[in-house]
Every structure is written in structure tokens, then in C-alpha cells.
Amino acid sequence: MEKTYQPQQLEDHWYKTWESRGYFAPSGDGDPYCIVIPPPNVTGRLHMGHGFQHAIMDALTRYHRMLDRQALWQVGTDHAGIATQMVVERQLNAAGSSRQEIGREKFVEKVWDWKEESGDIITQQIRRMGSSLDWSRERFTMDEQLSSVVEKVFIDLYNEGLIYRGNRLVNWDPQLHTAISDLEVIAEEEDGFLWHFNYPLADGATTADGSTYITIATTRPETLLGDSAVAVHPDDERYADLVGKFIDLPLCDRRIPIIADDYVDPEFGTGCVKITPAHDFNDYEIGKRHDLDMHNILNSDASLNDEVPAPYQGLDRFAARKQIVADMESAGLLEKIEPHKLKVPRGDRSGVVIEPYLTHQWYVAIQSLADPAIKAVEDGDIEFVPKNWENTYFAWMRNIQDWCISRQLWWGHRIPAWYDEEDNVYVGNNEAEVRAKHKLGDGIVLRQDEDVLDTWFSSALWTFSTLGWPDDREFFDRFHPTDVLVTGFDIIFFWVARMIMMTLKFTGEIPFKKVYITGLVRDEHGQKMSKSKGNILDPIDLIDGIELDELVQKRTADMMQPQLKQKIEKYTRNSFPDGIVGYGTDALRFTFYSLASTGRDIKFDLGRTEGFRNFCNKIWNAARYVMMNSEDKVLSETIDPNKCSIADRWIMSRFEQAAKAVEEAMTNYRFDIAAQTLHEFVWNEYCDWYVELSKPVLWDEENNPEAAQATRRVLLSTLEKSLRLLHPFMPYITEEVWQKVAPQLAIAGESIMLQPYPQFDNDTVDREAEEQIEWLKGIIVAIRNIRGEMDISPGKAIPVFLRHGDTGDQQRLEAHRLYLQKLAKLESIEWLTEDQEAPAAATGLHGKVEILVPLAGLINVDAERARLTKEISKLEKGLEAVERKLGNAKFVDNAPEEVVAKEKEKQAQMSSALASLRDKLNGLDKL
RNA sequence: AGGCGCGUAGCUCAGUUGGUUAGAGCGCUACCUUGACAUGGUAGAGGUCACCAGUUCGAAUCUGGUCGUGCCUACCA
């Protein structure tokens with residue numbers, strides 16, 4: 001074995017082996033266990049969020065597979081309509097072409113080409129994480145089978161009247177020329193202005209105080225051209241007389257009414273609001289209530305259309321805004337301009353300002369689907385982990401709006417609807433079917449709806465469409481409902497809720513029993529990772545490492561804003577002066593587990609990854625030690641507790657406790673606790689203590705061959721079991737090491753991933769051994785403490801005396817003499833009876849046992865005095881607190897008996913220790 | 001404006017139903033290349049658990065408030 005762990009050399013090999021041998025497919029006849037992957041964008045790239053979630057899903061899958069469940073982690077990707085179309089469009093534009101130029105058919109072909117070309121990048125990256133996905137069942141939302149499910153669902157919902165076409169206000173992206181859902185709109189506060197305009201009253205009307213106009217304020221002056229009314233509050237006395245009268249809308253030559261509506265806040269501004277029903281969601285509602293005209297003033301690219309007066313036609317919305325303000329000013333109607341902070345809605349893909357826009361779209365009538373979906377969570381059929389995300393779910397579901405599912409894109413599932421020349425709609429699987437069903441002769445020209453469905457529409461069907469519903473039901477029947485969905489809170493609305501609704505509707509089953517919501521992966525300062533901040537980490541770079549220059553290049557490539565480039569470069573060179581060394585997959589995964597406590601975001605700390613890389617190396621070297629000491633050596637056939645050393649029994653017992661803790665952590669989705677337990681056991685118990693305790697036994701083989709053989713066996717078998725315990729979290733290193741270790745134990749098996757997961761075995765728990773080793777550790781630590789603090793060279797063997805303990809302590813000394821001598825590097829260790837005089841010595845305590853390191857030539861008296869003084873004051877503080885408690889009658893009366901007993905024991909122990917140390921300190925003073 | 005979190009060592013985080021002298025990793029200090037490992041070993045320093053009040057024999061933990069901070073939802077033109 002190499003001297004250090006080299007992940008690069010073996011990860012690829014093992015993954016290919018697992019995959020090619022079909023280990024990822026479910027097998028056996030255990031209870032099915034299933035997770036479906038949240039489908040990543042087929043042309044996307046792996047990011048830290050994927051890395052985190054995949055680490056968790058893989059641990060769950062491997063864990064359950066080893067528990068002999070038929071484990072299926074269903075893999076697939078989605079077509080990411082807008083994102084993918086944008087990428088290909090940008091490529092076309094860069095080549096001087098456009099999608100309009102080449103036409104729909106050619107364009108869609110190009111997107112497919114792009115999908116073929118880049119589609120396996122992310123799946124290869126997912127493999128690098130060690131994810132044990134069943135690639136033989138890989139699906140894509142636009143596969144024929146999945147597409148047919150999409151069609152079926154659309155048609156069935158339509159026939160039930162749950163899908164309808166409506167002309168309404170939607171969020172319109174003027175760059176992408178498509179409707180987007182309100183979930184895809186990000187409203188952030190930006191600096192803007194509030195323009196105050198005077199609107200002249202028509203027919204010579206005046207306000208109560210004699211003014212011939214009223215003043216309104218707007219953040220979007222250009223919408224003036226689409227105004228249909230001015231509204232005031234019905235109880236607002238200032239304007240009561242004006243309700244029912246009219247305004248001469250400036251620049252437009254239109255009269256609009258003054259209406260009264262509760263929506264208006266009389267306290268805000270002048271208490272008068274202009275109403276633009278075709279360009280504002282609130283105004284739209286008011287418009288409907290008051291039956292106002294809708295003036296749509298925009299084209300689909302947000303330039304002004306022919307509805308507006310000639311001078312403004314064709315102007316871009318922002319140019320129009322300037323023009324309107326200028327024209328109002330020269331008309332003397334601009335009252336004032338105030339700076340104003342407002343939330344500006346932007347498309348999360350395009351980044352441009354979204355316009356409320358009146359269009360025809362397809363909708364899902366959602367209420368009847370939402371009701372059972374709410375109930376499923378209320379009744380506990382589906383549980384969120386952590387539970388408080390259920391509130392988020394309920395809040396949204398109880399106030400749910402119909403879902404706009406059409407998108408004006410070319411890439412996606414085309415809506416299976418046809419129109420005749422009178423715009424009658426026919427929905428069906430294809431044109432021929434539609435014609436036949438509705439008896440439409442060849443003379444009637446039909447055209448298919450141009451739009452495609454929202455990507456989330458197909459994602460909502462993911463759990464059952466990927467498992468073969470409705471026709472090929474074998475896997476569906478076996479694995480559905482799935483066991484757990486692992487995903488981020490950001491798509492509870494987009495995806496989780498919609499899956500629950502659609503799956504219940506069509507299969508009558510819940511899609512999953514649990515929803516494990518992960519936190520967001522942030523950078524080390526708690527900042528969200530984003531391209532524009534330049535703080536993105538690529539999981540693959542953490543695995544393989546990356547040179548600084550390449551990292552800078554990567555982070556600053558195709559920046560929209562070049563001025564950010566310098567900043568990002570500087571920041572990056574500052575954060576990673578030497579680039580990033582590769583830590584390997586297992587270390588990266590373990591970092592995710594260790595940070596995955598529920599209910600909070602994780603700040604990704606590379607320091608921890610480095611620590612776990614070191615942990616891998618520790619495992620590696622422990623294995624190296626075990627192999628060096630067992631290859632070609634005799635080991636006992638079985639583990640016979642009677643032939644085992646106390647240390648052997650101890651480590652086996654400790655292993656059981658670790659196995660139990662891991663099991664508990666896994667059932668509670670506490671991956672951080674599992675990771676912590678494993679780290680603690682392997683490093684602090686197996687490596688730090690057990691391996692060290694094994695050395696005196698192995699090196700004493702001539703004198704006690706049977707003991708050495710037993711210890712060898714326990715070293716090996718505990719290592720082997722630990723590897724299995726670790727495997728779901730660190731698949732690669734455990735496989736590599738297991739392949740070397742298992743044959744030593746004559747364990748047959750092709751792969752650790754098909755081995756059974758260690759189960760807690762209470763019979764192996766050995767209290768006696770644990771007490772003994774605790775005693776041993778206590779004595780050794782006390783001696784080491786003296787060594788360390790007294791500056792005694794670690795190489796120097798020293799004599800030690802023990803005294804004051806009971807006969808049990810004395811027996812332990814005899815039993816563990818060999819260990820003590822070796823691990824504390826002792827020249828000798830002897831028991832002093834009470835009548836023997838103690839030499840001048842540095843003193844430590846463990847329980848009642850006093851540990852004496854003779855001073856002669858070794859100890860600096862002043863240093864020992866300081867050490868004792870420190871120890872004493874620590875004890876005094878503790879004792880004081882304990883005595884205060886015990887002196888309090890209310891405590892003694894009220895606290896449970898065992899708590900009081902515990903305090904009393906503490907008191908006894910502390911005061912005897914204190915007495916002993918004070919005694920020593922006095923003795924020192926006499927020298 | 002409502003809702004949900006968070007605030008524990010220099011940094012990243014644990015801390016079960018209130019009962020410890022408040023823990024881990026990284027970093028830091030000192031010593032050490034001893035026959036698995038310097039990606040290591042041994043020892044050590046470091047915390048008024050944001051603040052205030054309350055409940056309790058007892059609060060990092062429960063309650064109320066304050067401050068700071070993050071996110072989500074709805075928004076007043």
C-alpha cells in the first residue's frame with residue numbers, strides 16, 4: 001500500500017467496476033427502497049447544491065442497500081425549457097443567426113444536438129460523486145414514454161375541465177417573449193422614482209379646495225397611456241364629490257372615470273391612484289370589479305403598440321417613460337419627482353424587468369388538486385424533515401393560484417391542442433385523432449398550438465412517469481410511493497407541491513413518504529454562491545483540485561458585466577493563493593455530512609474538507625498498519641472472548657456503540673451525527689487507542705502467540721466492520737481498503753457495497769472491558785499530562801508510582817502493566833503501599849489513584865507548583881458550585897434522587913482530589 | 001407588514017425530554033520524525049452560550065422583550 005491515500009488513482013476504477021457489474025440496480029427480495037433524483041438540467045453543470053444532495057441520497061441508498069433492501073435510486077434529467085433554449089439561442093446569435101431565421105423545426109433539432117453534445121457532462125459529474133444511481137433506468141423528461149405521460153395527463157385534465165385556456169394578465173418576459181410563472185419572478189428592492197402628475201378634471205369640475213386637477217403618483221409613467229380610471233377610497237371625503245366624474249387623460253385625448261374602491265389607501269400620497277388594468281395585477285382586479293376598459297399598450301417586446309398616440313408608437317418602454325415625463329413637464333402637469341425605493345420584478349433567467357401582460361395562456365385549475373395534497377401532509381401521510389417546512393407548504397397551498405402552464409418557447413412538450421380557423425380548440429394526442437374524434441373533414445385547416453408546457457409540468461409527474469406508469473407498471477408497483485425526496489426548500493412550490501398534487505390525482509398514491517429539505521450551500525462567509533459574485537465552487541474542482549489561474553479563468557468566463565471580472569479575480573486570488581488541491585470524493589462527501597444538521601444552511605468550509613481528507617489518510621494508514629501486521633501471519637480462526645485481551649473486548653464493545661449511534665442518526669436524517677460518530681470512533685478510539693494497545697501484544701508474540709493471534713483477528717475484523725459502517729458515506733476508500741482486508745478474513749464477496757450493514761449487537765457490549773480501559777486511559781493521560789506540562793522529553797522513559805487506590809486499582813495495575821509501560825513510555829511502574837514513603841514527585845490523579853512521577857532530575861519544582869496550583873483552582877471552582885447546590889435545601893428536596901446522588905458523588909470525588917493535591921503542594925513547599 | 005430561522009471558542013459547527021467543571025473539527029502555542037500515518041503524535045491555551053427580564057431548587061436549553069442577522073411570503077400607486 002502507498003504511504004498516503006491517493007484518491008485519484010482508484011475512484012474512477014471503482015465507479016466503473018460498480019456500474020459495469022450492475023451493482024446499482026435493485027436486487028434481492030428485500031423490502032423495496034426508492035429515491036428519485038430531483039432531475040438536474042440535462043445541459044447543466046454540477047454545483048455544490050447537487051453535490052450536497054447527492055451525497056445525502058447516496059448515503060441513504062447505499063445504507064438501505066446494505067440493509068438488504070431492494071434499493072433503487074432512480075436517475076434522470078429534465079429538459080429545462082427556458083434555460084436550454086436560451087443557451088442554444090445565444091449560440092445562434094453568436095454565429096450571426098437567430099432561431100427565427102432558421103425556424104422552429106431546425107431550431108428544435110439544434111437543441112437536441114446540443115442536448116446530445118453536452119447532455120452527458122452532468123451525468124458524468126454525478127458519477128464522480130460516487131452516486132449509486134441505476135443508470136440502466138436513466139430517464140429524460142422528453143423521452144417518448146415520459147412525453148406520452150405528459151400528454152395523457154394534459155388531455156385527461158382538459159377533458160375533466162381542469163385545464164382551460166384563459167385571457168389574463170401574466171408575468172411576461174419581454175426578452176424571452178414568454179409567460180413565466182410568478183415563482184420565476186424575483187422582486188428585489190431597487191432605487192427608482194415616484195413621479196407626481198396632475199390629472200386635469202374634465203367638464204370644469206373642481207376639488208373641494210377648488211383645484212382643477214388631482215395629483216396621482218406613479219413609478220411607471222409610461223403606463224399613463226393605458227390608464228382606464230383614477231381611483232379614490234370610498235370614504236375619502238376630499239374626493240367624495242368627484243366620484244363618478246371624469247379626468248381628461250393627458251397626452252391621450254381620452255376621458256377616464258373617477259371611481260371609488262377600497263383598495264386605495266387614503267393615507268398614501270394624495271389618496272388618488274391611476275388604474276391601468278392591462279399592466280398591473282392590482283389594477284387588473286379593480287378593472288374587473290368596475291368593468292373598466294383594458295388598454296393594452298405594449299407589444300411582446302415591451303415596445304409601445306398602436307393603441308397609444310402616434311408619437312409614442314414603437315418606442316421602447318423606457319424611452320417612452322422619458323418621453324412621457326418630458327411631455328408632462330412641458331404641459332405643466334409634472335408636480336414633482338421623488339426618489340423612491342421599489343421592488344422591481346425581474347425574470348430569474350433573463351434578468352430583465354417583467355411586465356404584467358395580457359395574453360392567452362393555458363391554466364390548471366388547481367384548487368381541486370390542492371385539497372387532497374394539503375390533506376396528505378395534514379394527515380401525516382407525507383412528512384417534512386425538518387417539520388417546520390410544512391408551514392411553508394401549507395401557507396402556499398392554502399392560498400394557491402391557478403397554474404399557468406403554457407410557455408411561448410419552442411423547446412419542450414408542445415401543447416396537444418389544435419385550432420380551426422374560428423379558433424375552436426380541439427385537444428387530443430395528435431391531429432388525426434382530433435379530426436376523427438370531432439369529425440373534422442380534410443377541408444378544415446387545423447393548426448397546432450404554438451406553445452409548450454412549463455418544464456415543471458413534466459417534473460410534477462416525475463416519480464410515476466420514471467417508474468413506468470401507466471403501461472409498464474412493474475417498477476411502479478414495486479417502488480411507488482417512493483421513500484424519501486431529498487431537495488432544497490427553494491423548490492417546495494415549484495416541484496414538491498406540484499408532484500404531490502399530480503401524483504395523488506393520477507395514481508391515487510402519494511409520491512413519497514418523506515421530504516427531506518436540505519439547507520442551501522453557501523460560501524465560507526455565508527454568501528449565496530453565484531456567478532456574479534464569483535464565489536462559485538465546483539464540486540469536481542474540490543475532488544480533483546484546480547490551479548489558481550484556471551480557477552480565475554473559470555470564474556470570470558463569459559461574465560455579463562466585465563467590470564466584475566477584476567473584482568472576482570482579486571477575490572479569488574486572495575481566497576485561494578495556491579489554487580485548490582484535490583481532496584477526493586470521500587472527503588468532499590464527508591464534509592457535506594458533517595455540516596448537514598437539519599434546518600439550517602451550510603457555510604462550506606474548506607478547512608473541514610481538508611480535515612476529512614486527513615481522515616481518509618488516517619483510515620488508509622490504519623489499514624496499512626493492520627495489513628502489515630496480518631499478511632502472512634497467523635490469526636485465530638474465530639473471536640473467542642476468553643482469548644481476547646481487554647483492549648480487544650473494549651474495541652469490539654465500542655464498535656457496537658458506534659453502530660448503534662449511526663443507526664439512530666440515520667433514522668433521524670442526522671448525517672452530521674453519523675459523520676461525527678464515525679470520525680470519533682475510527683480516529684479517537686480505533687486509531688488512537690486500540691491500534692496503540694495492539695502494539696505491545698503484537699510485539700510480544702514470542703511470549704504469547706495466542707494473544708497476538710486474537711488481537712490480529714480483532715484488529716482486522718473491527719477494521720472490516722468499520723469499513724462497512726463507513727461505506728455509505730465514503731464509498732471509494734472503504735471499497736479499496738475492504739478489497740485488501742476482506743480476504744485476510746476469508747470473507748467472500750465482490751464488493752463492500754453488497755455486504756451487510758453492521759447491526760448493533762448488544763451481546764458484544766462489554767461494560768467490564770469499557771471500565772477497565774477507561775481506567776487505563778485515565779492513568780496514561782495523567783502521566784502524559786505531567787510529561788507535557790513538565791517538559792519531559794517524550795523519548796525519556798520515566799519511573800512512576802501509584803498509590804492510594806483500592807485493591808481493584810492494584811489489580812488493574814498488574815493486569816495492564818504492559819500497556820502502561822508501552823503507552824506512557826515508562827521505565828517502571830510500581831504500587832506504593834500506604835506504609836511506604838512516597839518520593840518527592842509530580843502528582844496526577846485518576847479517581848482515588850495518585851500517580852507519582854519522581855522529581856529527581858526530571859521535574860522543575862516551580863513548574864510543578866504552577867501545575868498543581870492551576871489544577872487546584874480548577875477543582876475549587878467546580879467544588880464550590882457543587883457545594884452551593886448541595887447546600888441549597890430546595891435543590892436537595894426537589895431535584896430527582898439520582899441527580900442529587902450524582903452531585904454528592906462529585907462532591908466527594910472533588911474534595912478528596914482537592915485534599916490530595918493540596919497535600920502535594922504543601923509537600924512541595926517543604927522541599 | 002406578516003411568517004420562518006439564526007446569534008455558543010479566532011473560524012465552521014454540535015449540544016436530545018432543563019440536571020457537565022459547555023463539546024468537536026480547523027486554526028493557535030509548546031514539545032516530538034518512536035518500527036501505520038508530519039495529510040502525523042502528545043500536551044496546552046481559548047467561551048459572561050448576543051443582551052435584558054421572568055419561570056424554576058437549577059436555564060446554552062423554557063417564556064416574554066430588546067438588539068443584530070439571514071431567508072420566505074405579500075405589498076402603497
Side-chain angles (χ1 to χ4, degrees), chain A residues 1 3-5 187 194 216-220 223 231 263-265 267-276 280 282-283 340 342-343 386 388-389 391-392 395-396 399 489-490 492-493 519-520 522 524 526 528 581 583 587 591 594-595 597 599-608 610-629 668 670 672-673 676 679-680 684 687-688 691-692 695 699 781 784-795 825 874-875 877-882 885 888-896 898-900 902-903 906 910:
Chain A
M1 289 174 80
K3 201 173 168 186
T4 52
Y5 176 56
L194 206 48
I216 57 89
T218 181
T219 55
R220 296 191 298 157
T223 62
Y263 162 76
V264 181
D265 175 3
E267 305 294 319
F268 188 89
T270 57
C272 303
V273 189
K274 67 195 258 326
I275 303 297
T276 321
D280 182 282
N282 291 309
D283 292 7
H340 182 69
L342 73 164
K343 295 264 179 119
N388 45 318
W389 286 110
N391 297 330
T392 306
W396 189 68
N399 187 27
F489 64 86
D490 47 336
I492 288 179
F493 309 140
L520 227 54
R522 300 170 173 279
E524 71 273 26
K528 220 163 162 169
V581 303
Y583 297 106
T591 311
S594 74
L595 293 172
S597 49
R600 84 192 266 161
D601 286 353
I602 68 178
K603 289 186 207 166
F604 193 84
D605 179 8
L606 251 176
R608 296 198 74 156
E610 190 180 343
F612 293 128
R613 188 270 316 257
N614 297 351
F615 180 47
C616 289
N617 193 55
K618 193 76 184 172
I619 295 169
W620 184 258
N621 273 287
R624 214 157 75 92
Y625 167 81
V626 173
M627 292 303 291
M628 284 166 63
N629 283 289
N668 294 318
R670 287 300 302 268
D672 59 325
I673 293 176
Q676 164 81 23
H679 185 268
E680 160 90 16
N684 299 114
C687 293
D688 283 353
V691 164
E692 294 308 317
K695 288 175 182 173
W699 295 347
V781 166
R784 284 176 178 170
N785 174 277
I786 292 171
R787 254 187 199 287
E789 301 244 315
M790 293 295 107
D791 242 354
I792 300 168
S793 147
K825 185 97 183 168
K874 222 196 257 177
L875 269 171
K877 235 175 75 187
L879 184 62
E880 205 182 310
V882 172
K885 270 192 194 174
N888 182 344
K890 286 181 180 170
F891 169 73
V892 180
D893 293 346
N894 291 320
E898 71 249 32
V899 173
V900 177
K902 207 167 133 198
E903 290 299 315
K906 262 198 313 203
M910 282 170 153

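In what follows, every chain begins at residue 1, and chains take the letters A, B, ... in the order their sequences are listed.
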Provide, to the nearest angstrom, the distance between the CD atom belonging to A:E267 and the C1' atom belonging to B:A77.
15 Å
Looking across every strand, which nucleic acid part, if any, lies under 4.0 Å from A:T219 by heavy atom: base, sugar-phosphate, or nothing?
sugar-phosphate
Looking only at atom types and distance, does a side-chain atom of A:N785 sit under 3.5 Å from a main-chain N or O of A:V781, one as donor and one as acceptor?
no
B:A30: pairing nucleotide in any strand, Watson-Crick or G-U under 3.5 angstrom
B:U42
On RNA chain B, check which nucleotide each of A:V273 and A:A623 is closest to and give me the residue with the more 5' one.
A:A623
Can you tell me the pairing partner of B:U73 across any strand shown, Watson-Crick or G-U wobble, with both distances under 3.5 angstrom?
B:A1
Using the P atom as the reference point in each nucleotide, state the distance between B:U21 and B:C49 in Å, no decimals.
15 Å
Which part of the nucleic acid does A:E880 contact within heavy-atom distance under 4.0 Å: base, sugar-phosphate only, or nothing?
nothing
Grab the CZ-P distance between A:R787 and B:G44 for me, whole Å please.
14 Å
Under 30°, 30 to 60°, or over 60°: which ring-plane class applies to A:F489 and A:W389, parallel, tilted or perpendicular?
parallel
Classify A:N629 by what it touches in the nucleic acid, base, sugar-phosphate, or nothing, heavy-atom distance under 4.0 Å.
nothing
The answer to which of A:R670 and A:G269 contacts RNA chain B further toward the 5' end, by nearest nucleotide, is A:R670
Which value, in whole Å, describes the distance between the P atoms of nucleotides B:A30 and B:A45?
15 Å
What is the distance, rounded to the nearest whole Å, between atom CG of A:D672 and atom P of B:U12?
17 Å
Is the distance from OP1 or OP2 of B:C37 to the nearest side-chain N or O of A:R624 less than 4.0 Å?
yes
Taking B:U17 as the reference, what is the distance to B:G5 when you measure between their C1' atoms (whole Å, please)?
23 Å
In sequence, state the C-alpha distance, the side-chain angles, and the governing distance for A:W620 and A:K3, and then conclude on side chain to side chain contact (heavy atoms under 4.5 Å, CB included).
CA-CA 8 Å; A:W620 184 258; A:K3 201 173 168 186; over 6 Å; no
Contact state string [nucleotides 19-31 of chain B, B base, S sugar-phosphate only, - no protein heavy atom under 4.0 Å]
BSB--SB-----S
B:C28 and B:G70, which share atom name C1', separated by this distance in whole Å:
30 Å
Quick one: label A:V900 by what it contacts on the DNA or RNA (base, sugar-phosphate, nothing), any heavy atom closer than 4.0 Å.
nothing
Roughly how many Å is it from CG in A:N888 to P in B:U56, rounded to a whole number?
14 Å
Nucleotide nearest A:C687 when distance is taken to its side chain, options B:G5, B:A36, B:U42
B:A36
May I have the distance from A:R522 (atom CZ) to B:G5 (atom P), rounded to whole angstrom?
16 Å
Expressed in whole Å, how much space separates the P atoms belonging to B:A22 and B:U61?
15 Å
Counting only Watson-Crick or G-U wobble pairs whose two distances fall under 3.5 Å, which nucleotide matches B:G58?
none
Any Lys/Arg nitrogen of A:K877 or A:E880 sitting under 4.0 Å from an Asp/Glu carboxylate oxygen of the other?
no
Could you give the CD-to-P distance, from A:E898 to B:G58, as a whole number of Å?
19 Å
Under-4.0 Å side-chain N/O to phosphate OP1/OP2 contact, A:K3 with B:G40
no
Interatomic distance where CH2 belongs to A:W389 and P belongs to B:C6 [whole Å]
11 Å
Check whether A:R787 reaches the backbone of A:K825 with its side chain - one donor and one acceptor, N or O, closer than 3.5 Å.
yes
Give a yes/no on whether any side-chain N or O of A:K618 is located under 4.0 angstrom from OP1 or OP2 of B:G41.
yes
Shortest non-hydrogen contact between A:G519 and A:D601, atoms and distance:
CA-OD1, 3.6 Å
With rounding to whole Å, what would you report as the distance between B:G54 and B:A59 at their C1' atoms?
11 Å
C1' spacing across the pair B:C51 / B:U8, given as an integer number of angstrom:
14 Å
Kindly give the heavy-atom pair with the smallest separation between A:C616 and A:Y5, and that separation in Å.
CB-CD2, 3.6 Å
On the six-membered ring of A:Y625, is A:K695 placed so that its NZ or CZ lies under 6.0 angstrom from the centre and within 45° of the ring axis?
yes
Output the single nucleotide from B:G44, B:A36, B:G5 whose closest atom is nearest the side chain of A:E789.
B:G44
Given B:G44, is OP1 or OP2 found less than 4.0 Å from the side-chain N or O atoms of A:N785?
yes
Output yes when at least one side-chain N/O atom of A:K274 is less than 4.0 Å from OP1 or OP2 of B:A77, else no.
no
Would you please classify the geometry between the A:H340 ring and the A:F268 ring as parallel, tilted or perpendicular, with 30° and 60° separating the classes?
perpendicular
Quickly work out the A:N621 CG to B:A38 P distance and round it to whole Å.
7 Å
What's A:A395 touching, base or sugar-phosphate or nothing? Going by heavy atoms closer than 4.0 Å.
nothing
Counting only Watson-Crick or G-U wobble pairs whose two distances fall under 3.5 Å, which nucleotide matches B:A50?
B:U66
Identify whether any heavy atom of A:R784 sits under 4.0 Å from a base atom; if not, whether one sits that close to sugar-phosphate; answer base, sugar-phosphate or nothing.
sugar-phosphate
When you measure from the side chain of A:D280 to the backbone of A:T276, do you find a donor-acceptor pair of N or O atoms at a distance under 3.5 Å?
no
Expressed in whole Å, how much space separates the P atoms belonging to B:G64 and B:U69?
23 Å
